[in-house]
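Numbering of ligands and ligand atoms starts at 1, following listing order. Computed from heavy atoms alone, side chains included, the values below leave out hydrogens, waters and symmetry copies.
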Amino acid sequence: MRVIFIGPPGAGKGTQCKKLVDWLRVPQLSTGVLLREWVEQGTADGKWVGEHLNAGKLAPDHLVMSMVAKRLAEPDCAGGCLFDGFPRTLVQAQLLDEHLARARHQIDVVLSLQVAEEKLVERLLKRASIENRADDCSQTILERLRVFRTQTSPLLDYYHERGLLVVIDGERSEEDVFAEIKRAVALHATVGKPH
Ligand code: AP5
Ligand code: MG
């Protein structure tokens with residue numbers, strides 16, 4: 001099972017992925033987490049990418065794809081994974097398609113979590129007072145939202161054209177959102193798949 005979560009910052013990608021990990025028994029692959037861990041290692045390249053993240057900009061496509069490819073090669077990803085925040089550009093989507101095609105794998109479903117911008121800002125500022133993410137400050141949040149609109153939202157058409165996109169109303173309670181996600185995943189896991 002390979003599921004992609006697309007959503008602006010604060011939409012609930014991480015929250016819902018964690019729930020789905022238990023239900024589907026496949027790991028979460030968050031490029032945000034992978035990048036933050038890599039930046040923390042403190043290399044010169046990592047420092048440069050860290051500045052991008054803190055400014056709300058995307059990391060370079062090929063760097064992200066190589067991190068993803070490395071993670072996908074680990075045994076626990078053999079049966080699939082949940083892509084949290086990847087791909088985020090059309091180039092990344094094409095790179096992922098090529099990578100999966102080489103392994104004769106495919107994406108089962110793409111979930112688009114939709115939440116109004118004012119609610120996203122509210123959620124992230126609330127999280128900022130609890131956690132300590134360097135990119136959860138007002139200015140960077142606005143830039144992350146802008147980057148989503150300009151660079152990531154074109155992916156919605158890309159996956160819609162392939163019949164993979166399911167739009168989820170992400171404004172309801174975590175439990176209600178999860179119930180809808182489970183329905184969408186169950187449908188796409190069984191319909192139209194060669195067995
Ligand atoms: P990433 O770590 O992916 O961050 P993001 O996309 O900005 O999203 P968040 O993690 O902030 O939000 P989320 O959707 O996971 O929501 P969450 O569940 O936490 O990426 C960080 C950076 O890394 C990027 O800006 C970029 O620089 C770089 N990067 C990452 N991937 C990349 C890629 N592929 N290519 C290039 N660069 C990349 O929820 C948010 C809050 O809301 C939480 O406090 C939660 O408790 C709350 N919440 C969740 N659901 C609900 C609900 N239903 N109701 C009320 N509150 C809720
Ligand atoms: Mg997240």
Side-chain angles (χ1 to χ4, degrees), residues 3-21 28-40 45-72 81-97 99 110-155 158 168-182:
V3 181
I4 292 177
F5 280 80
I6 298 180
K13 303 183 293 295
T15 303
Q16 295 298 330
C17 262
K18 284 191 185 77
K19 290 179 185 287
L20 208 53
V21 161
Q28 173 183 9
L29 196 168
S30 161
T31 44
V33 170
L34 289 178
L35 283 161
R36 283 190 288 279
E37 285 171 359
W38 185 66
V39 166
E40 271 170 29
D45 285 350
K47 214 175 150 207
W48 179 78
V49 171
E51 284 165 14
H52 275 60
L53 265 62
N54 291 347
K57 313 275 186 211
L58 296 182
D61 290 330
H62 284 84
L63 169 77
V64 177
M65 185 63 226
S66 71
M67 282 181 167
V68 169
K70 205 170 150 206
R71 182 69 187 90
L72 287 177
C81 74
L82 309 178
F83 294 100
D84 167 359
F86 175 86
R88 250 169 156 103
T89 64
L90 285 170
V91 171
Q92 290 181 16
Q94 283 154 2
L95 290 170
L96 178 64
D97 281 349
H99 185 88
V110 178
L111 303 170
S112 162
L113 287 180
Q114 306 213 338
V115 177
E117 288 206 355
E118 63 270 18
K119 288 216 169 68
L120 296 170
V121 175
E122 218 174 87
R123 285 184 188 181
L124 293 175
L125 290 177
K126 189 171 162 201
R127 186 175 71 185
S129 63
I130 305 164
E131 293 175 28
N132 191 25
R133 254 180 67 170
D135 57 352
D136 277 348
C137 62
S138 306
Q139 200 185 344
T140 304
I141 289 170
L142 292 180
E143 179 59 12
R144 284 155 67 200
L145 289 170
R146 192 192 66 78
V147 166
F148 178 81
R149 280 195 304 271
T150 55
Q151 294 185 255
T152 307
S153 65
L155 290 180
Y158 181 87
I168 306 281
D169 174 1
E171 293 199 1
R172 290 161 311 150
S173 70
E174 286 181 21
E175 291 66 33
D176 286 355
V177 174
F178 186 51
E180 195 179 334
I181 286 176
K182 282 202 287 190

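Residue contacts with ligand 1, taken as heavy atom pairs separated by less than 4.0 Å, involve R144 solely via side-chain atoms from C-beta onward. Residue-level proximity to ligand 1 for P8 is carried by the backbone, the only part with a heavy atom below 4.0 angstrom. Contacts between R133 and ligand 1 below 4.0 angstrom, taking non-hydrogen atoms only, involve the side chain exclusively. Here V64 has side-chain heavy atoms under 4.0 Å from ligand 1, and that is the only part of it that gets that close. At a 4.0 Å heavy-atom cut-off, ligand 1 does not touch D136 at all. When non-hydrogen atoms are compared, ligand 1 lies under 4.0 Å from neither the backbone nor the side chain of K126.
K57 contributes atom NZ, which lies 9.5 Å from atom OG1 of T140 (distance to the nearest 0.5 angstrom). Separation of atoms CG (L120) and CZ (F148) is listed at 9.0 Å; rounding is to 0.5 Å.
Heavy atoms of G7 stay at 4.0 angstrom or farther from ligand 1. Distances shorter than 4.0 angstrom do not occur between any heavy atom of Q16 and any atom of ligand 1. Not a single heavy atom of P87 sits less than 4.0 Å from an atom of ligand 1. For E131, the closest heavy-atom approach to ligand 1 does not fall below 4.0 Å. Heavy atoms of I130 stay at 4.0 angstrom or farther from ligand 1. At least one heavy atom of K57 sits less than 4.0 Å from an atom of ligand 1. Distances shorter than 4.0 angstrom do not occur between any heavy atom of P60 and any atom of ligand 1. In this structure, S173 counts as a contact residue of ligand 1, since one of its heavy atoms falls inside 4.0 Å of the ligand.
For atom 2 (O) of ligand 1, the nearest non-hydrogen atom of the protein is R36 NH1, 2.9 Å. Looking from atom 53 (N) of ligand 1 to the surrounding protein, the closest heavy atom is R172 O, 2.9 Å. Of the protein's non-hydrogen atoms, the one nearest atom 24 (C) of ligand 1 is R88 NH2, 3.8 Å. Looking at atom 38 (C) of ligand 1, its nearest protein heavy atom turns out to be L35 CD1, 3.5 Å. Looking only at protein heavy atoms, the nearest one to atom 39 (O) of ligand 1 is T15 OG1, 3.6 Å.
For E122 and K119, the salt-bridge test fails: no basic side-chain N is under 4.0 Å from an acidic carboxylate O. Between R123 and D136 no salt bridge is recorded (no basic side-chain N to carboxylate O distance below 4.0 Å).
Using a 4.0 Å cut-off to heavy atoms of L53, the atoms of ligand 1 that qualify are 23 (O), 27 (O), 28 (C). In the vicinity of Q92, heavy-atom distances shorter than 4.0 Å reach the ligand 1 atoms 33 (C), 34 (N), 35 (N), 36 (C). Within ligand 1, counting atoms from 1 as listed, the ones closer than 4.0 Å to a heavy atom of L124 are 11 (O).
In terms of polar-atom proximity, defined here as any N/O pair under 3.5 Å, G85 does make such a contact with ligand 1. Residue-to-ligand polar distances keep F86 apart from ligand 1: every N/O pair is separated by 3.5 Å or more.
The closest donor-acceptor contact from the side chain of Q28 to the backbone of D84 lies at 3.5 Å or more, if one exists at all.
By the 4.5 Å heavy-atom criterion applied to side chains, L53 and D135 are not counted as neighbours.
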